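The structure appears right after this line, and notes come after that.
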Amino acid sequence: MNDENDQNKDQKHKERQQRLKEQVDQRVESAQVEKGIFQVITGNGKGKSTSGFGVVTRCVGYDKKAAVAQFIKGEWECGERNLLEKHGVPFVVMKTGFTWDTQNRESDTKAALETWSKAKLFLQDPSIDVVLLDELTYMVTYQYIPLEEVIDAINNRPKMQSVIITGRAAHRELIEAADTVSEVKNIKHAFDSGVKALQGFDY
Ligand code: ATP
Ligand code: MG
C-alpha cells in the first residue's frame with residue numbers, strides 16, 4: 001500500500017517537474033533580446049550594495065571589465081574596493097566635501113557633480129561591461145545631480161553595457177527606466193539591537 005502511494009507521489013512529482021521544465025524552456029527560448037541591463041536595487045533592507053558588488057565580482061570573474069562610482073557619505077572604508085582595485089576595477093569615490101556632519105548644500109553638490117562627471121565617462125566607454133553607481137539614488141533625491149542627466153547618460157550608454165544603481169528610495173523615473181528592479185525589504189537588522197557595524201561584513 002505504502003509502496004503504491006510512494007510510486008504515485010513520484011509519478012505526480014515527475015509530471016509537475018516536466019511541466020515546469022517545459023514552461024522554463026519556453027521562457028528561455030522567447031528571451032531573444034541581447035543588450036546590457038539597467039538594474040535598480042532599492043529598499044530599506046541590508047544587501048543593496050553587496051548585491052551590486054556581487055555583480056561586479058561576477059563580471060571580473062569572467063575577465064570582463066567593471067567600474068564603480070560611489071556616492072557615499074563620509075570616510076567609510078570599503079572592503080570590496082580593497083579587493084577589486086587589485087583586479088583592475090577603477091573606482092571613483094565621492095568622499096571629501098560630503099559628510100553627514102557638514103550638511104553644506106553647495107559643497108555637497110560640487111562633490112556630487114565632480115564624481116558624476118567621472119561616472120559619466122564610464123557610461124560612455126564601450127569596453128566597460130558593468131558600471132556600478134553605488135548610492136546614486138540620494139544624489140537624485142537631494143537634487144545634487146539632475147535626474148534627466150542620469151536618465152540620458154544611461155539611455156545613451158553602449159548597447160551591451162549594464163548599469164546598476166543602488167540606494168534607498170529610488171526615484172520613480174529611475175524605476176520606470178530600469179529593466180530589472182529589486183526592493184530589499186528590512187525584516188530586522190542587527191544595528192537595531194545595538195550590534196556595531198562589523199568590518200568585513202557591513203563594510
Ligand atoms: P550593504 O552595504 O550591507 O549591502 P546596503 O547597501 O543595503 O547595505 P545602505 O543603506 O547603503 O545599505 O547602508 C550601508 C550600511 O548601513 C551597511 O553597513 C549596512 O549594514 C547598514 N544598514 C543597511 N540597512 C540597514 C538597516 N535597515 N538598519 C540599519 N543599518 C542598515
Ligand atoms: Mg549601500
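Note that ligands are numbered from 1 as they come in the structure, with each ligand's atoms numbered from 1 the same way. Bear in mind the structure is a predicted one, so any value in this text is a computation, not a measurement.
Between S49 and E135, the side chains place a donor N or O and an acceptor N or O closer than 3.5 Å (distance only, hydrogens not considered). Judged by distance alone, the side chains of Y144 and D108 do bring a donor and an acceptor atom under 3.5 Å apart. The closest side-chain donor-acceptor pair between E22 and Q18 falls under 3.5 angstrom.
For ligand 1, the polar-atom distance check finds no N/O of Y203 at less than 3.5 Å from any of the ligand's N/O atoms. Backbone and side-chain nitrogen or oxygen atoms of A197 are examined, and none is located within less than 3.5 angstrom of a nitrogen or oxygen of ligand 1.
The closest non-hydrogen atom to atom 26 (C) of ligand 1, taken over E80, K188, H189, comes from H189.
Between D125 and R157 there is no salt bridge, since no side-chain N of the basic residue sits under 4.0 Å from a carboxylate O of the acidic one.
Inclusion of E135 in the first shell of the Mg ion (ligand 2) is supported: an N, O or S atom falls under 2.8 Å. Within the coordination shell of the Mg ion (ligand 2), defined by N, O or S atoms under 2.8 Å, T50 is absent.
Using bins of under 30°, 30° to 60° and over 60° for the plane-to-plane angle, the ring pair W116/F71 lands in the tilted bin.
Residue-environment remark: CD (E29) stays at or below the threshold of 12 foreign heavy atoms within 6.0 Å.
Set against the non-hydrogen atoms of N186, the atoms of ligand 1 under 4.0 Å away are 27 (N). Residue R168 has at least one heavy-atom neighbour below 4.0 Å for each of these atoms of ligand 1: 10 (O), 23 (C), 24 (N), 25 (C), 26 (C), 27 (N), 31 (C). The atoms of ligand 1 that sit less than 4.0 Å from any heavy atom of F191 are 29 (C). Set against the non-hydrogen atoms of E135, the atoms of ligand 1 under 4.0 Å away are 6 (O), 11 (O). For ligand 1, the atoms closer than 4.0 angstrom to any heavy atom of G47 are 1 (P), 4 (O), 5 (P), 7 (O), 8 (O).
Partner of E80 under the side chain to side chain contact (heavy atoms under 4.5 Å, CB included) criterion, out of T57, V56, L132, T50: T50 alone.
Considering every non-hydrogen atom in both K46 and V184, the closest pair reads O-CG1, 3.4 Å.
The closest approach between T166 and ligand 1 stays at or above 4.0 Å for every heavy atom of the residue.
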